[in-house]
There are 4 protein chains.
Amino acid sequence: MAKPRSEEKRSAIMAAAVRVIAAQGLGAPTATIAQEAGVANGSLFTYFETKADLFNQLYLELKSELASVSLKGLPVTADLRKQMLHAWSRSMDWAVSNPGKRRALAQLGVSDEITPASREAGHKTMTGIAALLERSRAKGPMRQVPMGFIVAIMNAMGDATMDFMIHDPTHAKKHCKAGFDALWRMLA
Amino acid sequence: MAKPRSEEKRSAIMAAAVRVIAAQGLGAPTATIAQEAGVANGSLFTYFETKADLFNQLYLELKSELASVSLKGLPVTADLRKQMLHAWSRSMDWAVSNPGKRRALAQLGVSDEITPASREAGHKTMTGIAALLERSRAKGPMRQVPMGFIVAIMNAMGDATMDFMIHDPTHAKKHCKAGFDALWRMLA
Amino acid sequence: MAKPRSEEKRSAIMAAAVRVIAAQGLGAPTATIAQEAGVANGSLFTYFETKADLFNQLYLELKSELASVSLKGLPVTADLRKQMLHAWSRSMDWAVSNPGKRRALAQLGVSDEITPASREAGHKTMTGIAALLERSRAKGPMRQVPMGFIVAIMNAMGDATMDFMIHDPTHAKKHCKAGFDALWRMLA
Amino acid sequence: MAKPRSEEKRSAIMAAAVRVIAAQGLGAPTATIAQEAGVANGSLFTYFETKADLFNQLYLELKSELASVSLKGLPVTADLRKQMLHAWSRSMDWAVSNPGKRRALAQLGVSDEITPASREAGHKTMTGIAALLERSRAKGPMRQVPMGFIVAIMNAMGDATMDFMIHDPTHAKKHCKAGFDALWRMLA
DNA sequence: CATGAATGAGCGTTCATTCAT
DNA sequence: GATGAATGAACGCTCATTCAT
């Protein structure tokens, strides 16, 4: 009956938040985000209860976008290494094509506004990749190491690789490959 | 500008900052840091021009402490792998013994208050380790990769390993070893 | 301006306002009142132009409810004291049976949102009681005192008595009597 | 060593609060109070933790000022009625000479920002008057009524009388006397 | 007319930095 | 130099009111 809450506006805010966080960090005023999204500052709070809530939702959205993009078109019949490489490359491509999102995600990832629940949910979105990883290391030298540790290392290496690719885009491909090879040497 | 009177007070502030940042993050008020250091809030600004200045100096100090601790007692006559393992283990031990410092350093590392100049200077403190790293990878599969990338990966892996050791101290030794072995597999 | 469609909805809002004001004071959001009334927040403003308007109308309604209840069943043939006692007791009973209304009325009474016009109109609803009061004091020691003053005192004493009865309901009857006797001693 | 917290500034804020509350009610912005007091808006919070804290302290201060003023110069050797009359008149004079304070106190008295503890403390300041009251009613018709009730009635009558005196200052004296006589008739 | 999203002014409070003592 | 009160810009969030649906 009334003007419905528009998904469009919600994502405009999300997108604005990405841009603003990438540019100014998490300390950016909510008013700036609202303005960038083209809505009144008060409207932001129709869609997100608090600034922290916005951050948590954004974190999850980016995390799951990254996860889903990584697995898109996964060559499930190919050998493991090829599958992992596919996922890895997709992640890196996403980061390079979306440097703002990547920056925002990096900042959100270390923020203490992000609740344990959100981190947990973030992990869940990576289940598919974790499964690949699990199989990849199953017979390798890290077969005894806790999965959490392996995931952490993979994320850390991914982050480092992303940063490098974004910072030196000319050789992005090369860095991507180098990062993956290093990861694979560790695992298998 | 001139060296402040009391070096003692300066380091009290630094130490307080570590504790406070570890506990409350970078958003902690300067007044809290001053209080924790046992000085008046205004006094903080006779030792550091701005909050950002304090953060930059602290970043550098922690970074170089970590670097110097890593190389202390380096078995220079031993083979490369042993030297690297020594440096790695020292780093990890430092992190485990100084979780506050490690947390603070991690936060500072991702802050956008830290200037490029500070980051540059931070890298310089790691020259010794970088040299080790350079020799380690000289004949390995990463011999063509830019050193910056390798350093980044090593740092990333170090960070992941530290986190894991702190989080699960019972198996700290094991995680330390696993992290190093993984690193070595990548490099050599 | 024209009479709103649903008198039912109007009084639902009024009743909700009573409950909400009693619980949260005059600072309560209009949205809360609307919600409590089961209408949309915007709808409140089709029945009342502003929040202040709602308050003024509510004030009047409560005031006149109290006045009318006081005179209901007045034993017009009995002696004056009995009539006054009747009115007094009715008022007190109303307050005890409707503590929410009483609280709301008390808050509204001291609010500066209530216009002089509303206060004036509120007084008018008490004409019947004022007449009783006038006759009661006609030959007593307060025969020279301005009626407004007497009304004010009676109200003040009524308020104090109500508060006491609500606060200590076990002896409500006793307090009611004590209050009235005190009033009567003043007047007659 | 440093600029000490000035009692002068504290009372400037208090006094400003009285003026502003009298004029605009309790909803007045803290910034307005600060400005009226001639201090920066932030400074208000050096002296009072919160707006509510300011209100509570102000309530107590006014309450105790009123209590102390009432007993000043009490003719302790005179008969009870004279003593009561003295206290009553002093109160009324205070209200008439300080209409702002009286208004502010009236508003604060009904605010739900005022904590039970403050109300309790406020009552304590009236111990002296309560004692007078106790003796006054000891042999009168209200000898069985709870003191709390009597205090409440006296306050209510005092409030009504004050309002009337302020509203119609020409006959202030007369109203003061009428109010007292009425009170005395109730009690003794 | 009902709905509830949209608006934006406004508020209490914080805090880095300055400055009087 | 040391102190801590003073400053005032800034921010997150609220809420009365409007308006598109």
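Numbers restart at 1 for each chain; the letters A, B, ... are given by sequence-line order, proteins then strands. Because only heavy atoms are used, hydrogens play no part in the values below, and waters and symmetry mates are left out as well, while side chains stay in.
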Measuring from the side chain of [X] (C-beta onward, heavy atoms only), which nucleotide among [options] has the closest atom?
X	options	answer
Lys9(C)	dT13(E), dA2(E), dT17(E)	dA2(E)
Arg5(A)	dG8(E), dA5(E), dG12(E)	dA5(E)
Thr30(C)	dA6(F), dT13(E), dA16(F)	dA16(F)
Tyr47(A)	dG8(E), dT7(F), dA5(E)	dA5(E)
Thr50(D)	dT13(E), dT14(F), dT17(E)	dT13(E)
Lys51(D)	dT13(E), dA6(E), dC13(F)	dT13(E)
Phe45(B)	dT17(E), dT3(F), dT14(F)	dT17(E)
Ala40(C)	dG4(E), dA2(F), dT17(E)	dG4(E)

Integer-rounded Å distance: [N] [atom2] and [X] [atom1]:
X	N	atom1	atom2	value
Leu54(C)	dA16(F)	CG	P	11 Å
Gln35(B)	dC15(E)	CD	P	13 Å
Ile33(C)	dA16(F)	CD1	C1'	11 Å
Leu44(A)	dC13(F)	CG	P	9 Å
Asn56(C)	dA16(F)	CG	P	15 Å
Glu8(A)	dA20(F)	CD	C1'	15 Å
Asp53(A)	dT14(F)	CG	C1'	16 Å
Glu7(B)	dG1(F)	CD	P	14 Å

task: Go through the side-chain N and O atoms of Thr115(C) and Ser118(C) and say whether any donor and acceptor fall under 3.5 Å apart.
output: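 Yes - a donor-acceptor pair under 3.5 Å links their side chains.
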
- prompt: If each of Gly38(C) and Ala31(D) is mapped to the nucleotide of DNA chain E with the nearest heavy atom, which maps nearer the 5' terminus, i.e. the 5' end?
  reply: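 Its nearest nucleotide lies further toward 5', so the answer is Gly38(C).
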
- prompt: With sugar-phosphate meaning primed atoms plus P, OP1 and OP2, does Ser6(A) contact a base, only sugar-phosphate, or nothing at under 4.0 Å between heavy atoms?
  reply: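 It contacts nothing in the nucleic acid.
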
Heavy atoms of other groups near [X] [atom1], more than 12 under 6.0 Å:
X	atom1	value
Glu36(B)	CD	yes
Glu65(D)	CD	yes
Glu49(D)	CD	no

- request: Could you tell me which nucleotide pairs with dT3(E) by Watson-Crick or G-U wobble geometry, both distances under 3.5 Å, or answer none if nothing does?
  value: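 dA20(F) is the nucleotide pairing with dT3(E).
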
- request: Under a 3.5 Å limit for both distances, which nucleotide forms a Watson-Crick or G-U wobble pair with dG12(F), could you say?
  value: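 The answer is dC11(E), by the H-bond criterion.
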
message: Pair Asp159(A), Arg102(A) - check side-chain contact (heavy atoms from CB on, under 4.5 Å), show working.
response: CA-CA 9 Å; Asp159(A) 285 350; Arg102(A) 192 267 177 274; 3.4 Å; yes

message: To the nearest 0.5 Å, what is the distance between CG on Leu54(A) and CZ on Phe48(A)?
response: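 If I round to the nearest 0.5 Å, the distance is 5.0 Å.
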
message: Check the phosphate of dA2(E) against Thr46(C), side-chain N and O only, distance under 4.0 Å to OP1 or OP2. Yes or no?
response: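 Looking at the OP1 and OP2 atoms of dA2(E), one of them is under 4.0 Å from a side-chain N or O of Thr46(C).
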
message: Show, in sequence, the C-alpha distance, side-chain angles and deciding distance for His123(B) and Arg119(B), and conclude whether the side-chain contact (heavy atoms from CB on, under 4.5 Å) test is met.
response: CA-CA 6 Å; His123(B) 273 155; Arg119(B) 293 187 194 279; 5.6 Å; no

- prompt: Do Gln57(A) and Met14(A) pass the side-chain contact (heavy atoms from CB on, under 4.5 Å) test, and can you show the C-alpha distance, the side-chain angles, and the key distance before you say yes or no?
  reply: CA-CA 9 Å; Gln57(A) 294 198 36; Met14(A) 286 277 209; 3.8 Å; yes

- prompt: If you pin Gly42(C) and Val39(D) to their nearest nucleotides in DNA chain F, which one's is more 5'?
  reply: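 First, find each residue's nearest nucleotide; the 5'-ward one identifies Val39(D).
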
query: Does any donor-acceptor pair link the side chain of Asn41(C) with the base of dA2(E) at a separation under 3.5 Å?
result: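 No, no donor-acceptor pair under 3.5 Å.
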
field: Residues touching DNA chain F, which here means a heavy atom under 4.0 Å, drawn from residues 16-29 of chain D
entry: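 Those residues whose heavy atoms fall under 4.0 Å from DNA chain F, taken from residues 16-29 of chain D, amount to none.
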
